[in-house]
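Counting starts at 1 for both ligands and their atoms, in listed order.
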Amino acid sequence: MNAHEHGDDPLPPEIVRSLRCSVCGDPVGSAGRTVRCERGHSFDVAKQGYVNLLHARIPAGTADTAPMVAARVDLLASGAYLPLADELAKVASEHVQEGLIVDAGAGTGYYLAHVLDAAPGAHGLALDVSAVALRRAARAHPRASAAVWNLWEPWPVADRSASLILNVFAPRNAPQFHRVLTADGLLVVATPNPGHLRELGDLVISVDESKDTRLEETLGEHFSRVERREVTQQVKLSPSQIRQVVEMGPSAHHLHREGRRERLDGITASVDVTTSFSVTLYRPVP
Ligand SMILES: C[S@@+](CC[C@H](N)C(=O)[O-])C[C@H]1O[C@@H](n2cnc3c(N)ncnc32)[C@H](O)[C@@H]1O
Ligand SMILES: [Zn+2]
C-alpha cells in the first residue's frame, strides 16, 4: 500500500518537513487530513490526496481547466511525448538519487512520475494552481505528493530543501527556484523549440517562442546554464491526438478564430508531425 492509499496520513513525512505554512512561513505538521502550523493556520488535504495551501484567490484563467487536463491526460497516455519524459528521467538518473524533487507547474504529474522512477530514493512534490490536474498528480506515483499553489507567490516550501526542480512548459519564478534549491541542486527546464508541431500551422499557438528568449534573461542572475539537450522526433498523430494537442494548451482558447475549429474538425487522417523540445540544466549561482 502506498502512502496515498492510506486514509490517515496522506502526506509522507519527507514532504511535510519541507512544507511551510503559506500564511506565516512556519514549519507544519500533518494530522489526518489536515496540515497545520503551531500558530493554528490549517490547510485541508482533499480526499483525492492533494493539499490546498492557497489562502488567496488565484487570478481567473490561470489554472488549466478540466477539458484541457482531460485532453492532456489522453495525449500523454498515448506516449506521444514519451521521448521528453525519458530524457528528463535520464537527467534525474544522472544527477539525483534522493531528496526532494519539486515539479513547478506539474499539471497531472506525468513527467514527475517518470523522473521519480529514475530517482528511487527521492520524493516528489507537484505544485500547480489547477486542482483538477493535481488530483491526477497526487496519484501519479507512490512517491508523489501534490499541493495547490500559485507559483508567482513565495512558495510554501523550505529554503534549500529541493535537490531538483523540474519545470515543464510552466511559469518560471527564478527567485523562488533559487531559494528552494539546495546549493548543489539542479534546475531542469523543458521548453518547446520553434519547430515544435510546425506541421499543424496556426492550429497550435506557439506561446513559448518568445518566452524562450526571455528564459535566459529571467534565470540569468540566479542561475548559470550548464547543459542543453534537444529532444526532436517525428511522430504520427491520429486525428484525435491532433485534437488533444490543440485542446490541452492555450490554443484551445483561440479555436473560434479564423476557421480553426472547422479546419481541426476537417482533419480525418493521421499527420506526421515534428515534436521538438529543449531540456536545459542550470545550477544556482551562489
Ligand atoms: C502547459 S501546462 C504543463 C503541465 C505539465 N508540466 C505538463 O507538461 O504536463 C502548464 C501548467 O501550469 C499551471 N499554471 C499556470 N499558471 C500557474 C501559476 N501561476 N501557478 C501554478 N501553476 C500554474 C497550469 O495549471 C498547468 O498545469
Ligand atoms: Zn502559520
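A salt bridge links Asp202 to Arg260: at least one charged side-chain nitrogen sits closer than 4.0 Å to a carboxylate oxygen. A salt bridge does not link Glu227 to Arg225: none of the charged nitrogens lies less than 4.0 Å from a carboxylate oxygen. Arg229 has a carboxylate O that lies under 4.0 Å from a charged side-chain N of Glu94, or vice versa, which qualifies the two as a salt bridge. Between Arg39 and Asp26, at least one side-chain N (NZ, or NE/NH1/NH2) sits under 4.0 Å from a carboxylate O, which counts as a salt bridge. With salt bridges taken as basic N to acidic carboxylate O contacts below 4.0 Å, none links Asp184 and Arg283.
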Candidate pair Leu151 and Leu127, rule side chain to side chain contact (heavy atoms under 4.5 Å, CB included), full reasoning: CA-CA 8 Å; Leu151 295 171; Leu127 296 178; 4.1 Å; yes
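Contact annotation for Tyr111 and ligand 1: only side-chain heavy atoms (C-beta onward) come within less than 4.0 Å of the ligand. With a heavy-atom cut-off of 4.0 Å, Met248 does not touch ligand 1 at all. Using a 4.0 Å cut-off between heavy atoms, Ala106 contacts ligand 1 through its backbone alone, with no side-chain atom that close.
Relative orientation of the Phe169 and Phe277 rings is tilted, given thresholds of 30° and 60° on the angle between their planes. Note on ring orientation: taking the six-membered ring where Trp is involved, the planes of His178 and His222 are tilted (angle from 30° to 60°).
Ligand-side atoms of ligand 1 in range of Ser130: 25 (O), range being under 4.0 angstrom from any heavy atom. Counting atoms of ligand 1 from 1 in the listed order, those under 4.0 Å from a heavy atom of Trp152 are 19 (N).
Contact detail for His123 and Pro12: the closest heavy-atom pair is CD2-CG, 4.1 Å.
Here's the thing with Thr108: none of its N/O atoms is less than 3.5 angstrom from an N/O atom of ligand 1. The shortest N/O to N/O separation between Leu76 and ligand 1 does not fall below 3.5 Å. Polar contact with ligand 1: absent for Pro171 (N/O pair, distance under 3.5 Å). Taking only nitrogen or oxygen atoms, main chain and side chain alike, Val168 reaches within less than 3.5 Å of ligand 1. Of the N or O atoms in Ala133, none lie within a sub-3.5 Å distance of an N or O in ligand 1.
Looking at atom 25 (O) of ligand 1, its nearest protein heavy atom turns out to be Asp128 OD1, 2.7 Å. Here the heavy atom of the protein found nearest to atom 22 (N) of ligand 1 is Val129 N, 3.2 Å. Scanning the protein heavy atoms around atom 4 (C) of ligand 1, the nearest turns out to be Gly105 O, 3.5 Å. For atom 7 (C) of ligand 1, the closest non-hydrogen atom on the protein side is Arg72 NH1, 3.5 Å. In this structure, the protein non-hydrogen atom closest to atom 19 (N) of ligand 1 is Asn150 OD1, 2.9 Å. Scanning all protein heavy atoms for the shortest distance to atom 10 (C) of ligand 1 gives Phe169 O, 3.4 Å. If you check which protein heavy atom lies closest to atom 20 (N) of ligand 1, you get Leu151 N, 2.8 Å. From the protein, the heavy atom lying nearest to atom 15 (C) of ligand 1 is Thr62 O, 3.5 Å.
Residues Val204 and Leu264 share a hydrophobic cluster, clusters being chains of Ile/Leu/Val/Met/Phe/Trp/Tyr side chains in contact below 4.5 Å.
By the 4.5 Å heavy-atom criterion applied to side chains, Glu247 and Met68 are not counted as neighbours. Counting heavy atoms from C-beta outward, Val189 and Tyr282 have side chains that approach closer than 4.5 Å. In this structure, the side chains of Leu166 and Val115 come closer than 4.5 Å at one or more pairs of heavy atoms.
For Tyr50 and Trp149, the ring centers sit 6.0 Å or farther from each other. Here the two rings, on Tyr81 and His196, have centers that are under 6.0 Å apart.
Excluding waters, the protein N/O/S atoms found under 2.8 Å from the Zn ion (ligand 2) are Cys21 SG, Cys24 SG, Cys37 SG, His41 ND1.
Scanning Tyr110, Tyr81, Trp149 for the heavy atom closest to atom 21 (C) of ligand 1 points to Trp149.
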